[in-house]
Novice: 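What follows is a structure written as C-alpha cells; I'll ask about it next.
So that the names make sense, note that chain A is the first sequence line, chain B the second, and so on, each numbered from 1.
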Amino acid sequence: MNQPTQISNFTLSILVANRAGALSRITGLFSKRGFNIDTLSVGPMAEDPSLSRLIMTSSGDEVTKNQIIKQLAKLYDVVDVKLI
Amino acid sequence: MSSASDSSGVGAGGNASGSAGDTMILNGAAITIETLIAHGVTDVFGIPGGSVLNLYDELFSRTSQITHRITSHEQGAAHAADGYARATGKVGVAMATSGPGATNLVTGIATAYLDSSPVVFITGNVPTNLMGKDSFQEVDITGITMPITKHGFLVKDINALEETICEAFRIARSGRPGPVLIDIPKDVQIAETEFLGGHPLPDLPRRQPDQSELQAAAELINSSQQPFIYAGGGVVLSDSSDLLCQLAEKLDAPIGLSIMGLTAMSSTHPLYLGMTGMHGLPEATQLNAEADLIIGIGVRFSDRATGNINSYREKAKIIHIDIDDAEIDKNVQADVSLHGDIRDILPLLIELVEERDRRQWLDHATDIREAMRDSILAPSEAQASGLTPYTVINAVRQRTDDSTVIATDVGQHQMWVAQHYAFNQPRTFLTSGGLGAMGFGMGAAIGASIAKTQTRTVLFTGDGSFHMNLNELATAVRYQLPIVVVILNNGVLGMVRQWQTLFYQSRHSETTLDRSTDYVKLAEAFGARGFSVGDAHGLNEVLDQAFSSSEPVLIDCRIDPDSQVFPIIPPGGSFIDMIIA
C-alpha cells in the first residue's frame, strides 16, 4: 500500500485538563516520538477554568499526523484533540 | 497550568465534618493503605525509607490484610510487582521512598511500560514545602517517569488522594494496561481528611468494534489463500487464548506468536508453529513471510518481530486488531484495522469468517520444520560432550507442570527458552520482551511465586543477567520461595558476543567476563542451595534434588561460550536473510 509521504503543516486544537504537568506531558510526547512542534499557545478556557486550550502547529506526513493525534488522545490529561 | 494543589478532591464537598456518626477521618498514609485493601491488594513489594515512614507505619498495623515483602533493591520490588501482575492479571503494587528509592524503580517501570503490565508504583516524596529546593532525597519522579508511565500523579492535596489512587488503579488496568505512578509527599501522608471507603472505579468504557470494519476484515480473510495469524501479548493480557484457537481452527490458519504472545497458544496445538521474528522458528517466520494475509492480533509489529518492514509486508495484506488505536498504522500500515478489545472483536469476527481446509498451506509448514529444525539443533547437539542449552531446557521441562511459571532474564538463554520450552498455559512465561532488561527475571520469579501462594517458579538466566540482580536471592531465601534458578553459564555476555561474532568480525570487545564467581558458595552465602554441573548426568541428579526442595536452589550449568541462537535474522533484514547455523 502506498502511503502519501508528503510533508504538510497542520494545526491542532487540544483540550487539556488544567493539571500540573499536563503541558510537560504533551511536549514530552513530541520529543519522545520525534514529532515537531512549530508553534504553541496555551490558555485557560474562559467557560471552564478546569480546562485549557492548546493551539499547536506541527508538520509531518500523513502517517505522522495521524500518529500525533492518536498519541495525544491517549494522554490522560487530554480531553479532546481536533485538527483545525 | 496551575498547580495540582487547587484541584478539588473527594470529601471537600462541605459535609460538616464529624457531624455524621459514620464519618471516618484518616491520615493520608492510612487512606493509601485502606484504598489498596479496598482494591483487593493483598501483597506489595518495596523498601521503607524516610519519605514513606508513615505509609510503612500504617502497613505495620494491617499485616493481616496486606503483606509487604522487602526486596534487596527497589528494582527488584518493581520487577516483583510486575511479575505478580503478569502471572495473575491483577494489578501489582510496589512502593519506594523518595530520591534514590524512586529512581531505583525506573528500570522496573520502563519494563512494565514496554510490556503493558498493570502496576501501580507508590513513592513518597519530601514534604511539599521542601519540594523544588533540591532537598535531601528529593527527585521529580513524576517528571522522570513521564515517558515510561501511562500516567503519573503528584498528590499535593490530601483531599485528592483517595480518588487519585482509585483513578491510578483504573488507568493501570483499563484498555491497554500499563504502569501508573503516584508520588505522595510526606506532609500529605500525615494530613487528615475524610475517607470514603476507597471503592474501585469501574473500568473505562471499551470501544465496541465497528460493523463495517468487521465486514471488511472478514472479506479479506475469506478471500485469502494463505492467511497467517501473528498474535501477541494482547491475547495474553485479555485472556483470549480460547478465542484465538477458535479463530485459527475455523480458518485452518497457522499461528506464530511474538515473544510477548508466547503462552497464548498451547505448544501442542497443531496450528501453532512457534515464535516468529528475529529468532523465530523457521516454519513460523517463513509462513509469516509467504502469507498473502497477516492477521495481527494484539501485536505492535515491533522491529524485532518484523525485521525490514517493507519486505515484511511486500506480499501480504494486513489486518491489525488492537485495543490501542495508536498502535494501528504506527509501525505498519494496515489494510483493515479493528480497534477494540480482542475479547469483543474475535467472537464477532469468528461468526463472519468462512470455515476452510488449508491442508496444503499447513503441510508447507510441516515440510519446512522437517527440513530445517534438525539443522538448527544438530550443531549444538554435536558439542554434546558438555551441556547444551537444549538439554538443560528439556531436562527442566520434564520436571515442571504446565502451570509452572517460567521467568527469564535477557539474552541468549531467553531466546533459547522462547524457542524451545513447551508452554501450554497462558501467563506462565515472564520475560522482558520490549525493554529487554537484564536483571528482570529474579524479581519477576519472586513476584510470580508469591502471587501463586509460594508455588514453584523457575528462573532461566545467564551469568551476565544474573549478576545484575542476584541480590534478590536474599529475598527468595528470606521468604522461603521454592524458586529454581537455572543459570546457563557460558562465561560471556553471549548475545552481544554472538553479534560481535556475526556482525563485528569476531572482535569480542568486553564480552568475555572472566569472573571467578563461585555460584555454589554464592548460593550458600545467601542461605540458598547451590550446584554446579557440566554434563547431562550431573544435571539430572541435581534437578531431581532441586525440584524436590522447598527452598530456593541455584544451578550453575556450564555451557559452551560459542553456543549461538539460531535462526537469526540480522537487524533490519528479512526472512531471506535468515542465518540457520
Side-chain angles (χ1 to χ4, degrees), chain A residues 1-6 12 14-35 37 40-46 48-56 60-83, chain B residues 1-8 113 128 131-132 140-157 160 164 167-168 170-172 174-176 178 180-181 183 204 207 309-310 313-314 316-318 322-337 339:
Chain A
M1 197 161 55
N2 277 329
Q3 280 304 314
T5 50
Q6 212 175 350
L12 296 169
I14 310 164
L15 205 56
V16 186
N18 196 354
R19 278 192 288 259
L23 180 60
S24 180
R25 234 167 254 286
I26 288 168
T27 55
L29 171 69
F30 275 72
S31 57
K32 162 181 164 181
R33 298 205 179 262
F35 304 145
I37 299 176
L40 174 69
S41 70
V42 55
M45 298 271 287
D48 184 353
S50 73
L51 297 173
S52 287
R53 168 89 60 198
L54 265 84
I55 303 292
M56 178 189 285
D61 60 21
E62 197 63 19
V63 173
T64 306
K65 182 170 79 182
N66 289 331
Q67 264 294 302
I68 290 174
I69 294 168
K70 286 176 172 183
Q71 294 289 354
L72 281 170
K74 265 169 74 171
L75 293 179
Y76 177 72
D77 290 326
V78 170
V79 177
D80 188 39
V81 190
K82 273 200 187 72
L83 200 59
Chain B
M1 302 279 133
S2 68
S3 84
S5 57
D6 60 3
S7 58
S8 68
Y113 183 71
T128 44
M131 292 184 89
D140 170 19
I141 194 62
T142 45
I144 289 170
T145 57
M146 220 173 248
I148 52 168
T149 47
K150 267 187 95 174
H151 193 66
F153 296 96
L154 166 59
V155 188
K156 287 184 173 174
D157 176 8
T164 298
E167 193 63 45
R170 161 148 82 176
I171 295 169
S174 290
R176 178 182 186 172
V180 179
L181 182 122
D183 194 26
L204 295 167
R207 180 188 188 268
I309 199 70
N310 294 322
R313 61 142 322 133
E314 210 170 10
K317 292 204 180 302
I318 288 179
D322 205 279
I323 199 163
D324 181 355
D325 193 28
E327 282 306 332
I328 290 163
D329 298 339
K330 185 180 85 178
N331 292 335
V332 65
Q333 298 295 301
D335 295 276
V336 174
S337 59
H339 168 213

Novice: Please report the interatomic distance CD1(A:I26) to CE(B:M146), rounded to the nearest 0.5 Å.
Specialist: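 A:I26 atom CD1 to B:M146 atom CE measures 10.5 Å (nearest 0.5 Å).
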Novice: Donor-acceptor pair, A:K70 side chain versus B:I328 backbone, under 3.5 Å?
Specialist: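 Yes; judged by distance alone, with no hydrogens or angles, the pair exists.
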Novice: Please list, chain by chain and in numerical order, all residues satisfying ring-ring contact (aromatic ring centres under 6.0 Å, His included) with A:Y76, sequence neighbours excluded.
Specialist: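 A:Y76 satisfies ring-ring contact (aromatic ring centres under 6.0 Å, His included) with B:H151, B:F153 once adjacent residues are dropped.
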Novice: Considering non-hydrogen atoms only, spot the tightest contact between B:A326 and A:Q67 and give its length.
Specialist: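 Of all heavy-atom pairs spanning B:A326 and A:Q67, the closest is O-NE2, 2.6 Å.
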Novice: Between B:E167, B:K150, B:R176, B:K317, which residue shows the highest count of heavy-atom pairs closer than 4.5 Å to chain A?
Specialist: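 Most heavy-atom pairs within the cutoff with chain A belong to B:E167.
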Novice: Go through the structure and list residues passing side-chain hydrogen bond (donor to acceptor under 3.5 Å, both in side chains) with A:S50, not counting sequence neighbours.
Specialist: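 Once residues adjacent in sequence are excluded, the partners of A:S50 under the side-chain hydrogen bond (donor to acceptor under 3.5 Å, both in side chains) criterion are A:D48.
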Novice: Which atom names give the shortest non-hydrogen contact between A:R25 and B:G152, and what distance separates them?
Specialist: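 Between these two residues, the closest heavy atoms are NH2-O, 3.2 Å.
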Novice: Looking only at non-hydrogen atoms, find the nearest pair between A:V63 and B:D329 and report the distance.
Specialist: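 Closest approach of A:V63 to B:D329, heavy atoms only: CG1-O, 3.8 Å.
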Novice: Which answer fits B:S174, side chain, backbone, both or neither, if we ask what part of it has an atom under 4.5 Å from a heavy atom of chain A?
Specialist: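 The answer is neither part of B:S174.
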Novice: Below 4.5 Å, heavy-atom pairs only: which of A:L75, A:D77, A:L29 has the largest tally toward chain B?
Specialist: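 When all of A:L75, A:D77, A:L29 are compared, A:D77 has the most.
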